[in-house]
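Contents: one structure, followed by commentary.
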Amino acid sequence: MRSPIADLPDDCRVVLDGHDDALLGRIGIEALRREIDYSLKSGQLPGPANCLAISGGGEDGAYGAGLLTGWSELGNRPEFKIVTGVSTGALTAPFAFLGERYNKHLARVYTEVSQADVMTSRGLLTALLSDSAYDTTPLLNLIRSFVTPEFLAAIAHEYNDKGRLLFVASTNLDVPVGVLWNMGSIAASRHPQSTDLFARILLASASIPGAFPPVMIDVDTGSGRYQEMHVDGGTVSQVVLYPPSLGGGDLIGSANQGPHRIAEVFRKRQRRLFVIRNSRPGADQKTVERSTMKIAGRAVSTLIQTQGIGDLFQLYVICQRDGIDFNVAYIPASFTEKLKEPFDQAYMRKLFTLGHAAAQGSPWSKYPPGFDPTPITGRKTNVAAAGSR
């Protein structure tokens, strides 16, 4: 298999329609092999695998940024084996992946950035005749300000030397299908355009269809070159770890073909998933005006909200199947502040502070919002028992 991105490794991206499950399994096993080699330098096998999945949510990403920063200050935030990000979570994910030394950059993005740093209006007529209402050149410039060659080198080190994985999701509208980008592979590729591609993928993951222009990514099929249209990863899934179609058959066979220690660690290690849902558990109540745009806008926001809850349940089912300890944190319903404008700095600072304070307590739930683990028979089941551990 060759990469559709010319001169990049074939593992730089995974299509989330089930056809690339074997490829994703190979990425995971090869990363485990590198992790074991790195750990054995200090005479031990790898410990628990901690994973982090960060959802979309636009300005509400300030909550997750505050939570991660506060968690670091407690001194018990783990180094994550896998970090995934969607939409605003994609902007957070590289900082979370590189650890607490990048907390100040994470805080700056979510407490000092304003609407002018993200987008500029194209005007009503241009918006109607073009591909979006806003121009996101300011956001791309912001992303490029931290996606430097040094930044990519740090990610490449974690990927190559320690076997850690960083994934960002976008949506290929041409198919349409979700795409999981292996950002560590891109960073480690030494491709002359890797820095630009890395930045453009982050932008694509956060590009809300209609509001922000799509990001066109050049691909090469071998018979010719064309451009794929990529938009917000939340169009397909608000949060992702790996697709539910990825099962043991895609991993166990690869593990068994490697050294015995790979199979041993793969089968026996403890796995934990931490999900940051940058949203409240329920939608805001408000009276909807009887106009086409207001009704359509409210319907779309409701669809996104309910899809996000459904995505959490999907992750919960995957964790139950694969023996992963599930933990989710989300904005409490008690937070009732309203946005005065897109990327309202005062609003984002309050959310950042809320997330930072939440980290000092117990922000993690063992179940998705709205799920009662007690079965209607009243008898404890395996699901209820697993969540009570």
Side-chain angles (χ1 to χ4, degrees), residues 9 11 23-54 67-85 93-103 150-167 182-189 241-242 246-276 315 318-327 329 359 364 366 386 389:
D11 63 358
L23 171 62
L24 185 55
R26 177 166 62 83
I27 291 170
I29 294 300
E30 289 179 354
L32 179 58
R33 181 179 292 109
R34 296 194 299 274
E35 183 186 9
I36 291 173
D37 290 343
Y38 182 85
S39 296
L40 287 176
K41 292 176 182 178
S42 57
Q44 57 188 4
L45 289 174
N50 295 292
C51 306
L52 174 68
I54 313 171
L67 179 63
L68 286 166
T69 302
W71 195 0
S72 291
E73 293 175 6
L74 279 179
N76 60 356
R77 177 176 140 188
E79 180 178 83
F80 299 108
K81 165 66 176 177
I82 302 173
V83 177
T84 69
F95 299 118
F97 181 77
L98 290 177
E100 62 182 75
R101 67 186 184 276
Y102 281 88
N103 279 352
E150 294 75 21
F151 189 80
L152 260 64
I155 290 173
H157 167 72
E158 299 298 315
Y159 175 78
N160 276 336
D161 294 7
K162 299 169 70 174
R164 298 177 61 219
L165 297 171
L166 171 63
F167 293 114
N182 185 351
M183 305 301 274
S185 177
I186 294 171
S189 69
L241 178 61
Y242 50 80
L246 178 70
D250 299 304
L251 290 160
I252 294 172
S254 298
N256 287 337
Q257 290 174 8
H260 174 68
R261 283 177 171 176
I262 292 179
E264 178 186 354
V265 172
F266 174 75
R267 293 175 185 276
K268 295 183 178 180
R269 78 186 313 189
Q270 182 184 8
R271 298 174 176 86
R272 291 190 290 250
L273 172 64
F274 297 91
V275 183
I276 297 178
L315 283 182
I318 290 173
C319 287
Q320 292 299 309
R321 181 193 70 183
D322 295 342
I324 302 172
D325 179 36
F326 178 87
N327 304 270
W364 304 105
K366 292 294 183 183
R389 287 199 297 266

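Everything numeric here is computed off the predicted structure, so don't read it as measured data.
A search for side chain to side chain donor-acceptor pair (under 3.5 Å) contacts involving Asp37 returns nothing, not counting sequence neighbours. Shown here are the side chain to side chain donor-acceptor pair (under 3.5 Å) partners of Gln270, two or more places apart in sequence or in another chain: there are none. Looking at residues two or more places apart in sequence or on another chain, you find no side chain to side chain donor-acceptor pair (under 3.5 Å) involving Arg271. Checked against side chain to side chain donor-acceptor pair (under 3.5 Å), Thr69 has no partners two or more places apart in sequence or in another chain. Considering only residues two or more places apart in sequence or on other chains, Asp322 meets the side-chain contact (heavy atoms from CB on, under 4.5 Å) condition with Tyr242, Ile318, Ile324. A search for ring-ring contact (aromatic ring centres under 6.0 Å, His included) contacts involving Phe266 returns nothing, not counting sequence neighbours. Among residues two or more places apart in sequence or in another chain, the side-chain contact (heavy atoms from CB on, under 4.5 Å) test is passed with Ser72 by Arg77, Glu100, Asn103. Partners of Phe274 under the ring-ring contact (aromatic ring centres under 6.0 Å, His included) rule, at least two apart in sequence or in another chain, are Trp71, Trp364. For Arg321, there are no salt bridge (Lys or Arg N to Asp or Glu O under 4.0 Å) partners, not counting sequence neighbours. In this structure Leu40 satisfies the side-chain contact (heavy atoms from CB on, under 4.5 Å) test together with Ile36, Leu45, Arg261, sequence neighbours excluded.
Although no hydrogens or angles enter the test, the distance criterion places no donor-acceptor pair under 3.5 Å between the side chain of Asn327 and the main chain of Lys366.
Every pair passing salt bridge (Lys or Arg N to Asp or Glu O under 4.0 Å) that includes a residue from residues 150-161 is listed here, sequence neighbours excluded: Glu158-Lys162, Glu158-Arg164.
The closest side-chain heavy-atom distance from Phe167 to Val83 is not below 4.5 Å. Considering only heavy atoms from C-beta on, Leu52 stays 4.5 Å or farther from Phe97 through its side chain.
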